[in-house]
Number of protein chains: 2
Amino acid sequence: MSFTIKEASERLGCPAHTIRFYEKEGLLPYIKRDRHGNRLFEQDHLDWIRLMTCFRATGMKISLLKQMVNLALDGDATIPQRKAILNQYKEQLFRRQNELAEALDAVNNKLAIYEEIEEGRLPSESRLLNQMEDRHNQQTKRE
Amino acid sequence: MSFTIKEASERLGCPAHTIRFYEKEGLLPYIKRDRHGNRLFEQDHLDWIRLMTCFRATGMKISLLKQMVNLALDGDATIPQRKAILNQYKEQLFRRQNELAEALDAVNNKLAIYEEIEEGRLPSESRLLNQMEDRHNQQTKRE
DNA sequence: GCTTGCCTTAAAGTGTGCTTTAAGCCTTAA
DNA sequence: TTAAGGCTTAAAGCACACTTTAAGGCAAGC
């Protein structure tokens, strides 16, 4: 069972142009063609594209994906190197988790401050942007 | 107490050029200058830059930061709009958390498969890239 | 006085990852 | 048979966020 690029695109929710781009970048070796030169994708390819999309969405660079493809093409002997790459990437994922947690903290903090200002429990000049805003108000009043 | 751009840069771990870029983009209103035209940063500015850096690291667009600055400059009446922006951003953070969790799952899965292949408990053609690799091997053997 | 070094600005350049365009071929339906 | 619509390619274009370059000013130390 193989799929046209349109079918692949639909199943993956990924533009056909992007899939072609990935193939051109060497991320999709061994895509067969029909007698008209149209690409024929196997289920493996769809799985691999899905995995790449997942990794891409979380910051893996295309150059790193390409390295992994190239290593895979060189056989099982490169598995240690592929593991090393994935472990580094995993570290990156942990760092991003921390960044997200920090940002979530910061945004909740900011939202809480806005609520307090809205309820009159905090003067508007309390923090950060609000200070600038206040300075702006003072300035315009002086004019 | 105010800081030169160099001090700000050192304290924030952020290139001076980037800080100037942010000011040019309108993200840092009301930066004063000394008699030579050199920027003088207040603690508020450093705090705000730090917050922006945190938001930027987790995918907030500069255009959105700018919107927030512009709203803040328009006073407390815009707090509901700022809250709306932050709440949307918060949704985005949650989506990213899910993406990270999925990627972490996928990478652990892949690592587990590599270990099994290394230990001989799985043939190398088992999944995804390994299949391509296998196809490659067959092909080269046929030649 | 002159060099060093940091500051200023505006503008051009870079890296990444698509996305769009242009030109053309093949198949199918009217 | 001809127009529509999908496929192909190579190449150009775009969005984003810096980053680098170029040209020059000011101040302190030798």
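Protein chains get the first letters and strands the later ones, always in sequence-line order, with residue 1 at the start of each.
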Q. Please give, in whole Å, the distance from dT19(D) P to Ile19(B) CD1?
A. 12 Å
Q: Output the distance between atom CZ (Arg95(A)) and atom CD (Glu91(A)), rounded to the nearest 0.5 Å.
A: 6.5 Å
Q: Quickly work out the Lys32(B) NZ to dC7(C) P distance and round it to whole Å.
A: 20 Å
Q) Would you say dG17(C) has OP1 or OP2 under 4.0 Å from some side-chain N or O of Thr18(A)? A) no
Q: Remember a base hit wins even if backbone is also touched, and classify Arg56(B) as base, sugar-phosphate or nothing at under 4.0 Å, heavy atoms.
A: sugar-phosphate
Q) Toward the 5' end of DNA chain C, which comes first, Asn38(B) or Lys24(A), by nearest nucleotide? A) Asn38(B)
Q: To the nearest Å, give me how far apart CD (Glu25(A)) and C1' (dT16(C)) are.
A: 10 Å
Q. Any side-chain donor paired with an acceptor under 3.5 Å for Gln43(A) and Asp47(A)?
A. yes
Q. Is Arg39(B) near enough to dC7(C) that one of its side-chain N or O atoms lies under 4.0 angstrom from OP1 or OP2?
A. no
Q: Quickly work out the Arg20(B) CZ to dT9(C) C1' distance and round it to whole Å.
A: 9 Å
Q | Smallest separation among heavy atoms of Pro80(A) and Glu118(B), with atom names | A | CG-OE2, 3.8 Å
**Q.** 5′-ward residue of the pair His17(B)/Lys61(B) relative to DNA chain D
**A.** Lys61(B)
Q) dT8(D) P sits how many Å from Arg35(A) CZ, rounded? A) 14 Å
Q: Give none if dA30(C) has no partner; otherwise give the nucleotide forming a Watson-Crick or G-U wobble pair with it, both distances under 3.5 Å.
A: dT1(D)
Q. Nearest heavy-atom pair of Arg33(A) and Leu40(A): which atoms, and what distance?
A. C-CD1, 4.0 Å
(Q) Need one value for Arg33(B): base, sugar-phosphate or nothing, where a base atom within 4.0 Å counts as base even if backbone is also close, heavy atoms only. (A) sugar-phosphate
Q: Drop me the distance from Tyr22(A)'s OH to Ile31(A)'s CD1, to the nearest 0.5 angstrom.
A: 13.5 Å
**Q.** Between dA11(D) (C1') and Phe21(A) (CZ): distance, integer Å
**A.** 13 Å
Q: Considering just the side-chain nitrogens and oxygens of Tyr22(B), establish if one lies under 4.0 Å of OP1 or OP2 belonging to dA17(D).
A: no
Q.
What is the separation between atom CG on Asp34(B) and atom C1' on dA27(D), rounded to the nearest whole Å?
A. 12 Å
Q | Nearest-Å distance for atom pair CG/C1', residues Leu27(B) and dC16(D) | A | 14 Å
(Q) Counting only side-chain nitrogens and oxygens, does His36(B) get under 4.0 Å of the OP1 or OP2 atom of dA27(D)? (A) yes
Q: Look at the side chain of Ile62(B) and decide which nucleotide, out of dC18(C), dT8(C), dC18(D), has an atom nearest to it.
A: dC18(D)
